[in-house]
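Letters go in sequence order (proteins before strands), and every chain restarts at 1.
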Amino acid sequence: MDNINLEIPDLLRRHFPFLRESSLQKEIALVGAIHHFKEGEILMNFGSYIKSVPLLVKGAIKVVREDDVDGKELLLYFLHAGQTCSMSFSCCMMNKKSDIRTTVEDDATLIAIPIKYVDEWMGKYSSWKNFVMQSYDSRMREMVRTIDSIAFRKMDERLLEYLYQKSKVHQSKILFATHQEIADDLNASREAISRLLKKLENSNRVRLERNKIHIL
DNA sequence: ACATTAAGTGATT
DNA sequence: AATCACTTAATGT
């Protein structure tokens with residue numbers, strides 16, 4: 001009963017201050033487990049069941065949707081510290097298989113909460129309920145943004161937005177990615193991305209190297 | 001030196 | 001903007 005994780009209270013204070021009930025914090029420290037993941041690791045794949053909900057404390061996670069017909073991918077959004085995967089809420093509450101894949105974009109640390117508590121705490125702690133609700137809300141908004149960027153915006157704008165996001169999640173002006181990887185994330189052809197990047201280079205917005213993009 | 005992979009380019013639809 | 005068919009450049013063995 002007393003294998004309380006001593007790191008957790010501090011992590012919560014720093015990244016999830018809005019989970020303010022001290023008894024909630026204590027419970028999280030009791031049942032939560034800290035995990036570290038390296039860049040590129042797959043956290044959750046299509047079709048797998050989710051056994052815990054992650055509270056992201058460090059790094060970034062990429063959430064991707066894959067078309068089951070032709071296997072093409074599409075980047076949905078990035079998760080940052082202080083956030084959680086709201087897909088995992090609905091998945092675990094409905095006990096459904098995952099529709100998405102999440103991979104580690106930048107070395108990540110998270111607190112894994114076993115799903116049985118997610119529901120239990122909804123009734124018990126108002127700040128937890130708010131957290132869950134707000135996660136849904138902000139994801140929903142993010143998703144709408146992604147949808148209309150696909151529907152209404154041109155590829156060059158989408159690419160700029162992508163570079164900006166990626167630079168933000170890595171907190172770096174230098175991005176390590178091939179044109180092919182970018183094309184996959186944006187569901188575009190490699191040639192199109194190469195040409196657009198070339199344009200950006202000519203207008204001095206970026207500098208290109210093999211596997212590398214400097215944002216200027 | 002050779003093979004492999006990433007990136008650049010023009011033509012075609 | 002996608003696809004094809006190449007070429008050129010960079011990198012690994």
- prompt: Backbone N or O of A/Ser86 within a donor-acceptor pair of the A/Thr84 side chain at under 3.5 Å?
  reply: no
- prompt: So what does A/Thr178 hit on the nucleic acid, given a heavy-atom distance under 4.0 Å: a base, only sugar-phosphate, or nothing?
  reply: sugar-phosphate
query: Between atom CG in A/Asp156 and atom P in C/dA1, what is the gap in whole Å?
result: 7 Å
statement: In whole angstroms, the gap separating P of B/dA6 from CD1 of A/Ile182 amounts to 13 Å
message: Between C1' on C/dT11 and CZ on A/Phe176, what's the gap in Å once rounded to a whole number?
response: 16 Å
message: In this structure, how many angstroms lie between the C1' atom of C/dA2 and the CZ atom of A/Arg158, rounded?
response: 14 Å
- prompt: Which nucleotide in the set B/dT9, B/dA6, C/dA1 lies at the smallest distance from any side-chain heavy atom of A/Asn211?
  reply: B/dA6
Parallel, tilted or perpendicular: ring planes of A/His35 versus A/Phe37, cut at 30 and 60 degrees: tilted
query: Which one of A/Glu105, A/Lys62, A/Arg139 satisfies the side-chain contact (heavy atoms from CB on, under 4.5 Å) criterion with A/Leu79?
result: A/Arg139
field: Phosphate OP1/OP2 of B/dT5: any A/His179 side-chain N/O under 4.0 Å
entry: no
query: Is there a donor N/O on one and an acceptor N/O on the other, under 3.5 Å, for the side chain of A/Arg210 and the base of B/dT5?
result: yes
field: Interatomic distance where CD belongs to A/Glu191 and P belongs to B/dA7 [whole Å]
entry: 12 Å
task: Using whole Å, report how far CZ of A/Arg190 lies from C1' of B/dG8.
output: 7 Å
task: Give the ring-plane orientation class for A/Phe16 versus A/Phe131, where under 30° counts as parallel, over 60° as perpendicular and anything between as tilted.
output: perpendicular
Nearest-Å distance for atom pair CG/C1', residues A/Leu196 and B/dT9: 14 Å
- prompt: Nearest-Å distance, CG (A/Asp184) to P (C/dA2)?
  reply: 12 Å
